[in-house]
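For the single chain, residues carry numbers from 1 onward in sequence order.
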Amino acid sequence: MVREVNENELRELLELYLHLHEETMPELTEHLSNTWDAIIQDKNHHIIVNEIDGKIVSSCVCVIIPNLTRSIRPYAFVENVVTHLDYRGKGYATECLNYAKEIAMKTNCYKMMLLTGSKKEATLNFYGNAGYNSTDKTAFIQWIE
């Protein structure tokens with residue numbers, strides 16, 4: 001079942017992120033709690049999860065960004081697309097991305113964007129099959145330490 005994350009599911013989400021690029025779970029500090037509260041209360045920040053048999057197995061984040069161009073239409077940014085290793089290849093992440101697209105359409109977004117650090121052909125094909133392309137824009141990233 002694809003849906004938005006519940007406020008009490010932070011720990012489960014953080015466990016899933018161990019299958020993304022995190023090596024350890026962050027400590028449950030005041031900073032983490034404040035960040036979680038800010039995300040949960042932000043109407044433009046959507047954490048989408050796919051729950052199978054009571055377990056969160058896949059997720060993505062979709063942030064709707066207000067915009068002053070394109071007839072004052074917002075755009076969506078998708079990040080942290082992840083599926084638990086044991087559940088990959090079953091379409092769960094695609095269902096999350098489709099849910100994100102529904103949110104983007106309902107909020108009148110004119111485009112959706114995502115970035116991936118992966119160079120794996122299977123990952124790039126996955127995003128292509130989900131409707132994204134890598135030809136329209138060029139992404140630049142500046143990491144801040």
Side-chain angles (χ1 to χ4, degrees), residues 1-88 90-120 123-124 126-134 136-145:
M1 170 179 66
V2 181
R3 58 176 173 78
E4 292 203 43
V5 73
N6 292 318
E7 186 175 354
N8 64 342
E9 294 177 314
L10 173 60
R11 184 162 186 78
E12 251 190 291
L13 185 65
L14 294 175
E15 287 174 2
L16 179 62
Y17 283 168
L18 294 173
H19 296 270
L20 183 61
H21 50 67
E22 299 300 313
E23 294 179 12
T24 60
M25 294 238 324
E27 291 183 38
L28 297 174
T29 62
E30 183 177 352
H31 178 62
L32 174 60
S33 179
N34 291 340
T35 301
W36 180 244
D37 289 344
I39 289 169
I40 289 295
Q41 293 171 18
D42 184 347
K43 68 179 180 70
N44 288 320
H45 201 131
H46 305 269
I47 299 179
I48 299 156
V49 297
N50 202 334
E51 179 186 334
I52 305 298
D53 297 326
K55 178 182 175 105
I56 294 175
V57 301
S58 191
S59 180
C60 72
V61 172
C62 177
V63 179
I64 306 301
I65 302 170
N67 182 37
L68 295 173
T69 66
R70 305 285 181 158
S71 300
I72 314 174
R73 291 176 65 194
Y75 57 94
F77 189 80
V78 175
E79 183 66 48
N80 296 336
V81 180
V82 60
T83 301
H84 188 289
L85 287 173
D86 296 340
Y87 293 84
R88 291 186 179 167
K90 296 177 169 53
Y92 300 134
T94 299
E95 291 175 355
C96 288
L97 290 175
N98 289 340
Y99 194 97
K101 186 175 181 180
E102 289 176 22
I103 292 170
M105 290 169 53
K106 285 178 187 172
T107 56
N108 197 31
C109 289
Y110 77 94
K111 71 177 176 182
M112 295 181 74
M113 298 184 301
L114 69 77
L115 300 172
T116 181
S118 177
K119 306 295 184 223
K120 294 179 185 175
T123 302
L124 301 178
F126 165 73
Y127 290 125
N129 290 334
Y132 295 86
N133 75 70
S134 59
D136 289 348
K137 296 267 186 175
T138 301
F140 290 88
I141 297 175
Q142 183 179 48
W143 296 101
I144 300 172
E145 298 290 327

Q: Can you find a heavy atom in the side chain of Ile47 that is under 4.5 Å from one in the side chain of Trp36?
A: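 Yes, close enough: below the 4.5 Å cut-off.
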
Q: Let me confirm one number: the CG-CD1 distance from Leu10 to Ile40, rounded to the nearest 0.5 Å.
A: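 If I round to the nearest 0.5 Å, the distance is 8.0 Å.
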
Q: Keeping His46 on the side-chain end and Lys43 on the backbone end, is there a donor-acceptor pair under 3.5 Å?
A: yes

Q: What are the two closest heavy atoms between Val2 and Ile48, and how far apart are they?
A: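 Residues Val2 and Ile48, closest heavy atoms: CG1-CG2, 3.7 Å.
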
Q: Show the nearest heavy-atom pair for residues Ala93 and Phe126, with the distance to one decimal.
A: CB-CZ, 3.7 Å

Q: Between OG1 of Thr29 and CG of Asn34, what distance do you get to the nearest 0.5 Å?
A: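 Rounded to the nearest 0.5 Å, the OG1-CG separation comes to 8.0 Å.
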
Q: In terms of relative ring orientation, are His84 and His19 parallel, tilted or perpendicular, with 30° and 60° separating the classes?
A: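 His84 and His19: tilted rings.
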
Q: Decide yes or no for Val78 and Met112: does some side-chain heavy atom of the first lie under 4.5 Å from some side-chain heavy atom of the second?
A: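 Yes; the side chains approach each other to less than 4.5 Å.
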
Q: Could you give the distance from CG (Leu20) to OG1 (Thr83), rounded to the nearest 0.5 Å?
A: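 Separation between the atoms: 10.0 Å.
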
Q: Shortest non-hydrogen contact from Ile52 to Met1?
A: CD1-N, 4.2 Å

Q: Provide the closest heavy-atom pair for Ala76 versus Cys62 in the form atom of the first, atom of the second, distance.
A: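 Shortest heavy-atom contact: CB-SG, 4.0 Å.
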
Q: Identify the residue among Asn50, Val49, Val81 that makes a side-chain contact (heavy atoms from CB on, under 4.5 Å) with Ser58.
A: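 Among the candidates, only Asn50 passes.
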
Q: Can you check whether Leu124 reaches Ser134 side chain to side chain, under 4.5 Å on heavy atoms?
A: no

Q: Decide yes or no for Leu32 and Glu27: does some side-chain heavy atom of the first lie under 4.5 Å from some side-chain heavy atom of the second?
A: no

Q: Given 3.5 Å as the limit, does a donor-acceptor pair link the side chain of Asn67 with the main chain of Arg73, or not?
A: yes

Q: Roughly how far, to the nearest 0.5 Å, is the CG atom of Leu115 from the OH atom of Tyr127?
A: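 Tyr127 atom OH to Leu115 atom CG measures 9.5 Å (nearest 0.5 Å).
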
Q: Hey, are the side chains of Leu97 and Lys101 touching, using non-hydrogen atoms and a 4.5 Å cut-off?
A: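 No, side chains not in contact.
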
Q: Would you say that more than 12 heavy atoms from the other residues, nucleotides or ligands in this model lie under 6.0 Å from the CG of Leu68, or not?
A: no

Q: Taking all non-hydrogen atoms of both residues into account, name the closest pair between Ile64 and Ala104 and its distance.
A: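 For Ile64 and Ala104, the tightest heavy-atom pair comes out as CD1-CA, 4.3 Å.
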
Q: Are more than 12 heavy atoms, taken from residues, nucleotides or ligands other than Met105, located less than 6.0 Å from that residue's CE atom?
A: no

Q: Any chance you could measure Asn129, atom CG, to Thr94, atom OG1, to the nearest 0.5 Å?
A: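 Atom-to-atom, Asn129:CG and Thr94:OG1 are 8.0 Å apart.
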
Q: When rounded to the nearest 0.5 angstrom, what distance separates OG1 in Thr116 from CD in Glu79?
A: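 The CD atom of Glu79 is 9.0 Å from OG1 of Thr116, to the nearest 0.5 Å.
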
Q: Where is the tightest heavy-atom contact between Cys60 and Ala100, given as atom of each residue plus distance?
A: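 Of all heavy-atom pairs spanning Cys60 and Ala100, the closest is SG-CB, 4.2 Å.
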
Q: Can you list every pair that meets salt bridge (Lys or Arg N to Asp or Glu O under 4.0 Å) and has a residue in residues 4-20, with sequence neighbours left out?
A: Arg3-Glu9, Arg11-Glu15

Q: For a 4.5 angstrom cut-off between non-hydrogen side-chain atoms, does Leu16 reach Tyr87?
A: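 They are not in contact (no side-chain heavy atoms under 4.5 Å apart), so the answer is no.
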
